[in-house]
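One structure below.
Values below: every heavy atom of this structure, side chains too, minus hydrogens, waters and symmetry copies.
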Amino acid sequence: MTEDTSGSATGARPGGGGARLGGLDGIRGLAALFVVLHHCRLLAFSGFPADTGPWWASWLLYGHFAVVIFIALSGFSLAVSPARAGWRLDGLRRFARRRAWRILPPYWAALLFSLVVAWTLVPQPGQPVPTGKSALIYGLLLQDVFGSPSPNGALWSIAIEAQLYFVFPLLLLVVRRLGIVTMLAAVTAVVVAVGLLAPGVPLVATLMRLTPQFAVLFAVGVVAARVVRVPSRFPLHWAALVAVVPVFVLIAVRGPEWTVANFFWVDLALAPAAGLLLAAVAQGRPRPLVSLLDTRPVRSLGSFSYSLYLVHAPVVVTINHFVVAPHLAPGVLRFVVLTALAVPVSVVFARWFAALFELPFQRHRSWPALRAAAGARWARLRRKPA
């Protein structure tokens, strides 16, 4: 999530210590669903990044942009509480522990599930069967640093997000010392320098494996979180529209092959629109969009969007390999049937997966609390009459 996202893909629920910011969970949910549709599109029409499908499905080639939203939203979500507290974290150790507690249990469970599927049923398209090295590298969240067969086409972005967590306290320090504009300018300058030097400097080119443009998106998310402290009367949603239209026009004119080859610069061009959109939604604008995002089904989807992002790829690939592809050639009919089967199965499975490996870790913030909750649930089940 490029194939898709991230993933990441995730981020703490905003508003720690304050009111819930409506609409943001819905953005997560729809972005995760978009990645599922993207993978269905890839399996139904060959030749990615060439657009070999019908025109009405062309937009589904760009699942990568869901990760753009995820990364910006992650920076925003993490920065909400510090923004309300003078851009200060409530302790580095506590921050690190809470981030690990939030992302690692479902990630490791999804990794194990993905490895089992790849080893026993079907590997990811275009990938050899994962090895023990794959399990180690992905388990340590180093898949963007070291190459190995991928057990899951969506897990690449989780490593990037985890690495951004290490940068986050430094970004807040720069904001406190030098200001939020200086922080964003410094991050952007470094990343743009990497992009300009990479074609001619092999050592710098290796940094492109880390998807450095996501650092700018993450920083833009942090900047956007300023609206929880200093609300803006500026029509941010209209500014987001003005910022995104030229980028979308460029993508439409140049096509997917050019866009995929230039994701670095396209992602940077989308960063202002992403930040403006998040800031606008956090302030409840535009109201029709926020109302849609805050409807119960969309908000519910957002509550387990991380799990959906983590586990959908093996589910979609397995359904396609065993149920759809043996009977339908690549094309529109395969896409329709695969989507009709894989999307609901992925959503239902992700909801079950989240109930086991994600939501308990959100509700209970330590092992003692988790064990106590599990013990109480077990005691209630034992007391039920047969």
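For Phe214 and His64, the gap between ring centers is short of 6.0 Å. Ring centroid separation for the pair Phe349 and Phe304 does not come in under the 6.0 Å cut-off.
A side-chain donor-acceptor contact under 3.5 Å links Gln283 to the backbone of Ser232. In this structure a side-chain-to-backbone donor-acceptor pair under 3.5 Å is present from Ser346 to Ala342. A donor-acceptor distance shorter than 3.5 angstrom exists from the side chain of Asn152 to the backbone of Leu310, with no hydrogens or angles considered. Side-chain N or O atoms of Trp87 include none that pairs as donor or acceptor with a backbone N or O of Leu173 at under 3.5 Å. Proximity of a side-chain donor or acceptor of Ser74 to a complementary backbone N or O of Phe70 within less than 3.5 Å is not detected. Listed for the Ser148 side chain is no donor-acceptor partner under 3.5 Å among the backbone atoms of Lys133. Formation of a donor-acceptor pair under 3.5 Å by the Arg334 side chain with backbone atoms of Leu328 is found in this model. Between the side chain of Glu257 and the backbone N or O of Pro49 there is no donor-acceptor pair closer than 3.5 Å. When atom types are taken as modelled, the side chain of Thr206 and the backbone of Leu203 share a donor-acceptor pair closer than 3.5 angstrom. Between the side chain of His312 and the backbone N or O of Leu308 there is at least one donor-acceptor pair closer than 3.5 Å.
Qualifying side chain to side chain donor-acceptor pair (under 3.5 Å) partners for Asn320, counting only residues two or more places apart in sequence or in other chains: none. With sequence neighbours excluded, the residues satisfying salt bridge (charged side-chain N to carboxylate O under 4.0 Å, His left out) with Arg41 are Asp51. Listed by chain and number, the residues in a ring-ring contact (aromatic ring centres under 6.0 Å, His included) with Trp59 are Phe34 (sequence neighbours excluded).
At a threshold of 4.5 Å between non-hydrogen side-chain atoms, the residues Pro330 and Phe45 do not count as touching. Residues Phe48 and Leu43 fail the side-chain proximity criterion, which asks for heavy atoms closer than 4.5 Å. The shortest side-chain heavy-atom distance between Trp258 and Leu250 falls under the 4.5 Å cut-off. Counting heavy atoms from C-beta outward, Val194 and Met208 have side chains that approach closer than 4.5 Å. Side-chain contact between Leu236 and Leu277: absent, with no pair of heavy atoms (C-beta onward) separated by less than 4.5 Å. Two residues are said to be in side-chain contact when any heavy atoms from C-beta on lie closer than 4.5 Å; Leu301 and Ser305 fail this criterion. Glu358 has its side chain within reach of Gln362: a pair of non-hydrogen atoms, C-beta onward, lies under 4.5 Å apart. Side-chain atoms of Val337 and His327, non-hydrogen and from C-beta on, never get closer than 4.5 Å to each other.
Once rounded to the nearest 0.5 Å, the distance linking CD of Gln124 with CG of Leu155 reads 8.5 Å. Taking CZ of Arg285 as the reference point, atom CZ of Arg233 lies at 11.5 Å (rounded to 0.5 Å). Rounded to the nearest 0.5 Å, atoms CZ (Arg99) and OH (Tyr165) are 4.5 Å apart. Distance check, rounded to the nearest 0.5 Å: NE2 of His39 to CG of Leu60 gives 12.0 Å. Put simply, CZ on Arg88 and CG on Leu172 are 10.0 Å apart, with the number rounded to the nearest 0.5 Å. To the nearest 0.5 Å, atoms CZ (Arg177) and OG1 (Thr182) are separated by 13.5 Å.
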Stepwise, does the side chain to side chain contact (heavy atoms under 4.5 Å, CB included) test hold for Val80 with Arg84? CA-CA 6 Å; Val80 165; Arg84 289 171 170 156; 3.5 Å; yes
Which is it for Ile27 and Leu278 under the side chain to side chain contact (heavy atoms under 4.5 Å, CB included) test, yes or no, and what are the steps along the way? CA-CA 9 Å; Ile27 291 177; Leu278 294 177; 4.0 Å; yes
Applying side chain to side chain contact (heavy atoms under 4.5 Å, CB included), run through Cys40 and Phe335 and close with a yes or a no. CA-CA 6 Å; Cys40 291; Phe335 172 69; 4.3 Å; yes
Decide yes or no on ring pair (Phe, Tyr, Trp, His ring centres under 6.0 Å) for Tyr306 and Tyr107, but give the supporting numbers first. CA-CA 9 Å; Tyr306 183 37; Tyr107 172 79; 7.9 Å; no
Can Phe95 and Asp90 be said to form a side chain to side chain contact (heavy atoms under 4.5 Å, CB included), step by step? CA-CA 7 Å; Phe95 169 76; Asp90 189 14; over 6 Å; no
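Cluster annotation: Leu359 is not connected to Val298 through the hydrophobic network of ILVMFWY side chains, with a link wherever side-chain heavy atoms come within less than 4.5 Å. Linking ILVMFWY side-chain heavy atoms closer than 4.5 Å, directly or via other members, places Leu210 and Ile137 in a single hydrophobic cluster. By the criterion of side-chain heavy atoms lying less than 4.5 angstrom apart, applied directly or through intervening Ile, Leu, Val, Met, Phe, Trp or Tyr residues, Val190 is not grouped with Val181; the two fall into different hydrophobic clusters. In the hydrophobic clustering of ILVMFWY residues, with side-chain heavy atoms under 4.5 Å counting as a link, Ile158 and Phe166 come out apart. Placement of Val242 and Leu276 in two distinct hydrophobic clusters is found when ILVMFWY residues are connected by side-chain heavy-atom separations under 4.5 Å, directly or transitively.
Using cut-offs of 30° and 60° on the angle between ring planes, the pair Phe168 and Phe218 is perpendicular. Using cut-offs of 30° and 60° on the angle between ring planes, the pair Phe65 and Phe263 is perpendicular.
Enclosure of atom CH2 in Trp56 by more than 12 non-hydrogen atoms of other residues, nucleotides or ligands within 6.0 angstrom is indicated. The number of heavy-atom neighbours closer than 6.0 Å to CZ of Phe322, taken from other residues, nucleotides and ligands shown, is above 12. Summarising the local packing, CH2 of Trp101 is surrounded by more than 12 heavy atoms from other residues, nucleotides or ligands at distances under 6.0 Å.
Looking at every heavy atom in both residues, Leu217 comes nearest to Asp267 through CD2-O, 4.0 Å. Here the shortest heavy-atom pairing between Ala110 and Phe353 reads N-CZ, 3.5 Å. The nearest pair of heavy atoms linking Arg28 to Ser77 is NH2-OG, 2.8 Å. Of all heavy-atom pairs spanning Val311 and Val315, the tightest one is O-CG2, 3.4 Å. Across all their heavy atoms, Pro314 and Phe113 have their closest contact at CB-CE2, 3.8 Å. Residues Ser114 and Pro151 share a closest heavy-atom pair of CB-O, 3.4 Å.
With 3.5 Å as the limit, one finds a donor-acceptor pair spanning the side chains of Tyr138 and Ser150.
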